[in-house]
Structure formats: structure tokens, C-alpha cells
Q: 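Okay, handing you the structure first.
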Protein chains: 2
Amino acid sequence: MASMKDVAKMAGVSISTVSRVINDTHPVDGRTRGAVEDAIRRINYRPNLLAAGLRSKSGNLIGLAVPDIAHHSFEEFIKHTEQCVREHKHGLIIGDTHSDPDAEAEFIDHLIRRNVDGIIFIRVSDQSRALDMLNATSIPYVVLDRALESGTVPTVTMDNFTAGQLAAEHLLGLGHSRIACLTGPLDVALCRERLNGFTQALSHAGHRLPDQWIFEGDFRFESGVRTVELLLDTEPRITALWAQNDLMAIGIIGGLIDHGLVVPRDMSVAGVDDIVTCRMVRPQLTTVSQPFEAMSRAAVQLLMRERSAGKRLTERIVIPTELVVRQSTAPPADSTVSPHLKTQKELL
Amino acid sequence: MASMKDVAKMAGVSISTVSRVINDTHPVDGRTRGAVEDAIRRINYRPNLLAAGLRSKSGNLIGLAVPDIAHHSFEEFIKHTEQCVREHKHGLIIGDTHSDPDAEAEFIDHLIRRNVDGIIFIRVSDQSRALDMLNATSIPYVVLDRALESGTVPTVTMDNFTAGQLAAEHLLGLGHSRIACLTGPLDVALCRERLNGFTQALSHAGHRLPDQWIFEGDFRFESGVRTVELLLDTEPRITALWAQNDLMAIGIIGGLIDHGLVVPRDMSVAGVDDIVTCRMVRPQLTTVSQPFEAMSRAAVQLLMRERSAGKRLTERIVIPTELVVRQSTAPPADSTVSPHLKTQKELL
DNA sequence: ATCGTTTGCGAAAACGATTTCCGAGTTCTG
DNA sequence: CAGAACTCGGAAATCGTTTTCGCAAACGAT
């Protein structure tokens with residue numbers, strides 16, 4: 001591969017001048033600049049990013065740590081983050097942590113050794129060893145999608161409280177009163193916040209959310225399917241359910257269909273995220289959108305700002321959200337207990 | 001950050017010795033080795049990958065070029081590739097090309113400058129400028145999921161011909177005779193190959209696949225939904241359809257449901273890929289699996305072999321596939337024209 | 001006319017590893 | 001016991017940039 005030295009020789013200038021032409025870091029006479037650019041083109045020169053990074057201590061690289069690459073909602077973050085990072089002329093190096101602290105720490109270690117310019121975590125946990133490692137360096141990082149308890153870490157989240165409110169108001173507006181919630185893991189702050197928004201909107205309308213109508217899931221599809229069994233045992237039967245993400249909501253719908261029930265006639269179901277799968281299932285899922293692109297861009301920009309500020313920021317950016325109404329929610333069937341439901345129960 | 005020099009000083013040895021301890025590249029006495037390892041631990045030393053890469057001309061990095069990160073089947077490749085690359089102690093840098101030659105070339109340029117050890121393409125096109133750029137270097141690359149016309153490029157694909165056969169045999173075995181196919185873009189070799197396997201199995205059984213029962217899609221969900229309109233106009237009505245990927249198959253199912261039809265009673269539908277979404281929709285999708293993990297691992301290993309061989313290989317690895325039967329296929333309704341279908345037609 | 005600043009450029013020192021070369025001591029081998 | 005072969009380890013070159021420093025000329029302001 002051609003190096004700067006070759007360019008310099010061909011253009012009859014020094015290496016420094018070539019560097020200055022490329023990085024525009026110091027004034028260079030128009031004639032010499034032309035000669036250098038010519039030489040670059042002629043020998044098809046490409047600056048070596050490793051050498052540049054070694055000297056300038058910037059790998060031109062952003063790291064992205066994801067708990068599960070193939071998770072439908074994370075993949076949206078990945079896509080938009082990659083796009084935005086690319087626009088900043090950086091590369092994106094990605095690591096699947098499998099939610100395992102050791103794998104996560106190993107990945108972060110790798111990133112540190114690579115002189116990355118910043119790291120984005122999707123859903124890191126509060127007592128992550130990786131964060132400790134990073135705090136021992138000057139590498140900026142941002143947590144995406146999950147606010148940490150300790151307020152010292154820069155985060156970008158959606159407006160989880162409002163998300164809960166929007167879901168509740170939508171279901172209430174349709175005339176439901178027996179509404180359940182399938183949450184994510186309740187030790188995760190964002191789940192509690194979504195739940196708070198949800199319950200607050202319910203109580204504003206004079207409704208309660210009894211404990212036995214709160215089901216705790218794990219954000220995965222199967223968790224929705226499993227919950228259906230419990231749902232069908234509620235007495236009196238609930239008429240609507242809000243799941244705290246789409247995968248679980250889709251699981252709920254699948255489980256209901258498996259039991260011969262019809263959505264939304266027998267039960268309204270809503271989710272959170274607005275992943276593309278929402279439009280693939282029937283009925284199409286009503287949901288509260290997660291602003292994936294805006295969040296990803298905010299995270300990358302926050303990183304860049306941290307870098308140029310040269311110090312850790314503690315900002316917490318919250319991106320607004322909105323309701324997307326599709327087919328999985330409708331007014332409750334008017335009879336208190338749908339005859340169809342009764343039949344199904346008897347069949348079991 | 002601590003450097004090798006610091007370690008050397010603390011352990012009272014030379015830099016070379018530290019390097020040898022770390023890389024196990026030359027015998028080192030047990031006592032000195034211990035001292036060095038101690039020092040490494042004490043000052044929490046991390047070798048700098050940029051410096052190492054600069055000298056050794058290996059970035060310890062694999063590049064992955066994907067046409068669309070958020071595409072459900074690519075994300076499976078991404079996940080398993082990342083896993084496998086990690087096991088080889090490398091990093092994975094990912095780029096979304098949006099199927100755009102310029103974006104692709106730009107990404108490859110970036111990778112070359114970073115001294116990557118190899119590049120995996122998912123579905124690169126035959127006349128890609130990126131491939132020309134790479135051929136001017138010694139960087140090994142592998143094309144995953146799509147065989148190129150020119151046989152000179154190492155590829156890893158699934159057994160597309162057999163996939164078509166399996167689908168046809170399954171539907172024939174259920175008693176279908178009027179079977180249609182929704183293909184991917186027919187200028188893509190793998191689509192033609194899948195179609196060949198499909199038609200061959202049909203003709204072996206004494207059936208033909210008339211041209212008007214071959215629909216050309218673009219591998220996307222919407223493409224399936226749109227095709228339903230055409231499907232319902234076939235006369236006599238087809239009773240089964242095989243889509244060349246799951247997203248289109250799921251689109252077909254969605255479209256059929258939108259028209260008030262019932263799958264598989266009114267029409268059997270099968271796909272290819274076995275993405276997780278198959279188990280999320282109702283009915284769950286019968287499909288021919290794409291061996292994502294085996295393919296990803298084969299690609300990475302092929303890359304590594306190319307690297308250690310020090311020359312371009314032209315291997316074409318084909319991974320076997322199998323049928324996964326779920327709920328979306330069933331014997332055809334016995335009446336030639338289902339009364340339900342008739343009703344629906346009249347309703348339109 | 002003088003002093004300070006900006007422009008323009010080259011030489012050389014980093015950056016932090018790997019790798020080559022070399023030499024001294026030890027162990028085989030015949 | 002001589003010579004070959006292997007073990008162990010240091011010095012120094014090297015990878016390809018960026019960056020600091022220095023110097024000369026040109027420019028602007030007092």
C-alpha cells in the first residue's frame with residue numbers, strides 16, 4: 001500500500017505537507033496543494049487509520065454494546081446508530097453482550113484497547129463492571145434506552161412516563177375499564193416509569209389497577225404467550241391489556257388466537273416500540289412508538305459533544321413519543337362477559 | 001494509559017520481553033514471565049490494538065457489509081457473525097450499504113484504511129465496485145447468502161435448489177396441485193435456483209408451474225401483501241403458495257387475512273428463512289430454514305483460512321437446509337372452490 | 001522602519017506496539 | 001569435547017501517521 005512518504009516523494013514535498021493537505025490543519029499554498037492532491041490521486045493513496053489513530057489517540061470509531069443483536073427493537077437502534085456514526089465519518093464496532101457482565105466487560109476492554117472515541121450502551125445495568133472500567137479512562141459513553149438510578153451517567157431515553165399515560169388514555173377512551181398491564185422486569189427503572197404513567201392516567205380517570213392485573217414479563221415474545229393463561233383466569237375478565245413492549249404484546253395476541261379468541265373483539269391489546277413487526281401481524285398492533293432514530297442520533301451527538309467538551313456530561317435527554325393506533329384495540333364488547341369467551345373457557 | 005514501556009520498567013526487563021510474554025511468540029523463562037505478568041496486572045496494562053495493528057499489519061477486525069441492518073434475516077447473520085468473530089478475538093465493524101454501490105464502496109474504503117483482516121458481504125451484487133477495490137488489495141473476502149455468477153469469489157450459501165424441492169414436495173405431499181410461487185428478484189441467481197428446485201420437484205410429480213403462477217417480488221413484506229390481489233384473481237384458484245422468503249410469506253398471510261380468508265384452510269403458505277417472526281404470527285409459518293448460524297460460522301472460518309493460506313480461495317460452501325412444518329400449510333379444502341372463498345369474492 | 005503576526009514548509013520526535021538481529025549461556029549430539 | 005542447536009533476552013528498526021519545533025518570507029499595524 002502506498003504511504004504518505006510515497007505521496008510526498010511524488011509531489012516533491014515533505015510528509016508534513018501531505019498531512020496538512022489531507023487534514024486541512026495548516027495553510028498550504030494552492031500550487032503545492034494541487035501537486036499533492038494530484039499525487040494522491042495518481043497512486044491511489046489511502047491514509048492508514050491505524051497509524052493516524054495511534055498518533056492522534058482517536059480511533060475514529062464508536063463502539064455499540066447491545067444485549068441482543070437479533071432483538072427486534074435493538075436492531076432499529078443499531079441501524080440508525082450506524083447511519084449517524086457513518087455521517088460523522090466514524091466506524092461502528094458492535095458487540096453482543098448477551099446481557100452477560102463478563103461478555104460486556106470483555107467487549108469494553110476490547111474497545112478501550114482500540115482507542116474508540118466513544119461508546120453507546122443499549123440497556124446497560126446499573127452496577128455494570130464495564131462502566132467502572134470506562135470511568136477509569138476518559139472515553140465518553142452514553143446509555144441509550146435505559147436511565148440509570150445514579151444520575152451521573154449521560155442517557156437518552158424515550159418519555160416512558162408519557163408512554164404509559166398515552167396507552168392508558170387510549171384504552172380508557174375506547175371505553176375500557178378492566179385494563180391489565182404486562183410489564184418488563186420491574187427492577188428496571190424504565191418499566192416502573194411506564195407503569196407509573198399508566199396507573200396515574202388510570203387513577204385520574206377514577207380507575208384502579210389492582211395488583212393481580214399487573215403481570216411481570218421479560219420483554220420477550222414467549223413471555224407474552226405465557227401470560228395469556230393467567231389473563232384468561234381473571235375474574236371478572238379484563239377487556240384490555242397494555243404490554244410494555246411490542247414483542248410481548250404480539251405474544252399476547254398470538255396466545256389469545258391460540259385459545260380461539262379474537263383480537264380486538266375479545267380483548268384489546270397495545271404495546272410499546274412500534275417495531276416493523278407490528279405491521280406484519282394481524283390484527284396490526286396499536287402501540288406507543290419508540291423514537292428509534294431520534295434517540296440514536298441524540299446518543300451519537302451527545303457522545304460527540306462530550307468528546308469536544310473534553311469532560312463527562314451528565315445530561316439526560318428525553319425524546320417525546322406518540323400513540324400509533326392500528327387494529328388491535330377497539331371498544332369492549334358490550335356484554336359484561338362475552339358469550340364467546342364463556343364457550344372458550346368451557347372448552348379448555 | 002500504561003504502555004509496554006511501563007510494564008517493562010516495572011518488571012525490570014526489556015520491551016521485547018513483555019511483547020513475547022503477551023503474545024507467546026518466543027520462549028521466556030518462567031521467572032521473568034511471572035514478573036512481567038505481575039507488572040501487567042499491577043498497572044492494569046492493556047495492549048494498544050492500534051499500535052499492534054500498525055506494526056503487524058492486522059487490524060484484528062472483520063468488516064461486515066449488509067444491505068439493510070434492520071432486515072429480519074440479515075440480523076440473524078449479523079448476530080452469529082459477531083459471535084463467531086468474537087470467538088476469534090477480533091472485532092466486528094458493521095456497515096449498512098442500503099444496497100447502494102456508492103455507500104458500499106465508501107464503507108469498503110474505510111475498511112481497507114483500517115487494515116481489516118477480512119470482509120464479509122451479505123448479498124453483494126456481481127458488478128460491485130467494492131469487489132474491484134478489494135481485488136486491488138490482499139484483503140480476503142467472502143460473500144454470504146448469494147452466489148455470484150463469476151465463480152472466482154468465495155461464497156457461502158444455503159442449498160437453494162433443495163430448498164425449492166423441499167417446499168414443493170411438502171405442498172405436493174399435502175395433496176395440493178395448484179401451487180404458485182412468489183419469487184425474489186429473478187435477476188438474482190439464488191432466486192432462480194430456488195425456483196428451479198421448486199419446478200423440478202413439481203414436474204417430477206407430473207405437475208407444471210405455469211408462468212402466470214409465478215409472481216416476482218422483492219423479498220420485502222409489502223411485496224407479499226401486494227401479491228395477494230393477483231393471487232385472488234387466479235382461475236381456477238390456487239390452493240397453495242410458496243414464497244421465497246419469510247417476510248413475503250408473512251405478507252401473503254397478512255393480505256389473505258385482510259381479505260377475510262383463513263390460512264391454511266383457504267390457502268396454504270410457506271416461506272424460506274425461518275426467522276423468529278415465523279413463530280410470532282398466526283398461523284405460525286411453515287418454512288424452509290436458512291441455516292444462519294452454520295453459514296455465518298462457515299463464512300468467518302473461510303475468511304480465516306484465506307488469511308492463513310495467504311491467497312484468495314474460490315471455494316463455494318453450500319450449507320444444507322431443512323423443512324420446518326408449522327401451521328400455515330394443510331391439505332387443500334376438498335371442494336374445488338371453497339364456498340367461503342366464493343363469498344369473499346362477491347363481497348369485494 | 002520596526003515589531004508582531006500570519007503564511008508556508010521541512011526535519012524530526014512522538015505514538016505503542018512487533019519484529020529482526022544479535023549475543024550469551026545451555027544443552028544436545030556424535 | 002568440539003560444534004551445533006536451542007533457550008533466553010536486549011537493542012534498535014519499523015509500521016504510517018500526527019504534531020511540535022524551527023525557520024524564512026510576507027504581511028499588517030503602529
Q: Assign each of B:M4 and A:S14 to its nearest nucleotide of DNA chain C by heavy atoms, then name whichever residue's nucleotide is nearer the 5' end.
A: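 On the 5' side of the pair lies A:S14.
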
Q: Touch check for B:R31, heavy atoms < 4.0 angstrom, all strands: base, sugar-phosphate only, or nothing?
A: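 Since no nucleic acid heavy atom lies under 4.0 Å of B:R31, the category is nothing.
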
Q: Does OP1 or OP2 of C:dG16 have a side-chain N or O of A:K57 closer than 4.0 Å?
A: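 Looking at the OP1 and OP2 atoms of C:dG16, one of them is under 4.0 Å from a side-chain N or O of A:K57.
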
Q: Assuming nearest nucleotide by heavy-atom distance, tell me which of A:A2 and A:H26 is located more 5' along DNA chain D.
A: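 The residue mapped nearer the 5' terminus is A:A2.
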
Q: About how many Å separate OG1 of A:T155 and CE of A:M295, when rounded to the nearest 0.5 Å?
A: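 OG1 of A:T155 is found 9.5 Å from CE of A:M295.
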
Q: What's the verdict on side-chain hydrogen bond (donor to acceptor under 3.5 Å, both in side chains) for A:S14 and A:T17, showing C-alpha distance, side-chain angles and the deciding distance?
A: CA-CA 5 Å; A:S14 75; A:T17 304; 3.3 Å; yes

Q: Go through D:dG16, C:dT18, D:dG9 for me and flag the one nearest to the A:R55 side chain.
A: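 Nearest nucleotide to the side chain: D:dG16.
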
Q: Write down the partner of D:dG9 under the Watson-Crick or G-U wobble criteria, each distance required to be under 3.5 Å.
A: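 Across all strands, the one nucleotide that pairs with D:dG9 is C:dC22.
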
Q: Between atom CG in B:L50 and atom P in D:dT17, what is the gap in whole Å?
A: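 B:L50 atom CG is separated from D:dT17 atom P by 14 Å.
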
Q: Name the residue from B:E76, B:E75, B:H71 that meets the side-chain hydrogen bond (donor to acceptor under 3.5 Å, both in side chains) definition with B:S73.
A: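 For B:S73, the side-chain hydrogen bond (donor to acceptor under 3.5 Å, both in side chains) check succeeds only for B:H71.
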
Q: Less than 4.5 Å apart, side chain to side chain, heavy atoms only: is that true for B:I62 and B:I93?
A: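 Side-chain contact under 4.5 Å: no.
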
Q: Would you indicate which nucleotide in D:dC8, C:dA13, D:dC15 comes nearest to any side-chain atom of B:P27?
A: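 Closest nucleotide to the B:P27 side chain: D:dC8.
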
Q: What does A:S16 touch in the nucleic acid at a heavy-atom separation under 4.0 angstrom: a base, only the sugar-phosphate, or nothing?
A: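 A:S16: base contact, heavy atoms under 4.0 Å.
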
Q: Looking at every strand, decide which applies to B:V13 at a 4.0 Å heavy-atom threshold: base, sugar-phosphate, or nothing.
A: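 Sugar-phosphate, no base atom in range.
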
Q: How many Å lie between CD1 on A:I15 and C1' on D:dG16, as a whole number?
A: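 That distance rounds to 8 Å.
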
Q: Contact class for B:K5 (heavy atom, under 4.0 Å): base, sugar-phosphate, or nothing?
A: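 The answer is nothing, as B:K5 stays clear of every strand by at least 4.0 Å.
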
Q: Which is true for B:T25 with a 4.0 Å heavy-atom rule: it touches a base, it touches only sugar-phosphate, or it touches nothing?
A: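 Nothing, no nucleic acid heavy atom in range.
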
Q: Is A:N23 near enough to D:dT18 that one of its side-chain N or O atoms lies under 4.0 angstrom from OP1 or OP2?
A: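 Yes, because at least one side-chain N or O of A:N23 sits under 4.0 Å from OP1 or OP2 of D:dT18.
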
Q: Check every strand shown and say whether A:R46 touches a base, only sugar-phosphate, or nothing at a heavy-atom separation below 4.0 Å.
A: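 Touches sugar-phosphate only.
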
Q: Looking at A:V318 and A:D159, what are the two nearest heavy atoms and their distance?
A: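 Taking every non-hydrogen atom into account, CG1-CA, 3.6 Å.
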
Q: Can you tell me how far P of C:dG16 sits from CG of B:N60, to the nearest Å?
A: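 So the two atoms are 18 Å apart, to the nearest Å.
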
Q: To the nearest Å, give me how far apart CG (B:N48) and P (D:dT17) are.
A: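 Going from CG in B:N48 over to P in D:dT17 covers 17 Å.
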
Q: Here's a test of your reading of the structure: between B:V28 and A:G53, which maps to the more 5' nucleotide of DNA chain D?
A: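 Its nearest nucleotide being more 5', the pick is B:V28.
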
Q: In terms of side-chain heavy atoms of A:T17, which of C:dT19, C:dC15, C:dG10 is nearest?
A: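 The closest nucleotide is C:dG10.
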
Q: Would you call B:R33 and B:D24 a salt bridge, using N to O less than 4.0 angstrom?
A: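 Looking at B:R33 and B:D24, the cut-off is met.
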
Q: Could you state the atom-to-atom distance from CE of A:M1 to C1' of D:dC15 in whole Å?
A: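 Result: 13 Å.
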
Q: How many Å lie between CZ on A:R20 and C1' on D:dT17, as a whole number?
A: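 These atoms are roughly 13 Å apart.
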
Q: Which part of the nucleic acid, if any, lies within reach of A:L49 when heavy atoms closer than 4.0 Å are counted: base, sugar-phosphate only, or nothing?
A: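 Here A:L49 touches no strand at all.
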
Q: Closest to the B:L54 side chain: D:dG9, D:dG16, D:dT14?
A: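 Output: D:dG16.
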
Q: Between B:D6 (CG) and C:dC15 (P), how many Å, whole number?
A: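 Taking atom P of C:dC15 as the reference, CG of B:D6 is at 11 Å.
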
Q: Can you tell me how far apart OG1 (A:T81) and CZ (A:R297) are? Round to the nearest 0.5 Å.
A: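 Taking OG1 in A:T81 and CZ in A:R297, the distance rounds to 9.5 Å.
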
Q: Measure from the side-chain heavy atoms of A:P47 and tell me the nearest of D:dT17, D:dC8, D:dC15.
A: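 Out of D:dT17, D:dC8, D:dC15, the nucleotide with an atom closest to A:P47's side chain is D:dT17.
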
Q: What is the distance, to the nearest angstrom, from the CD1 atom on B:I22 to the P atom on C:dG16?
A: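 The distance from CD1 of B:I22 to P of C:dG16 comes to 14 Å, rounded to the nearest Å.
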
Q: At under 4.0 Å between heavy atoms, what does A:S56 touch on the DNA or RNA strands: base, sugar-phosphate, or nothing?
A: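 Sugar-phosphate only.
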
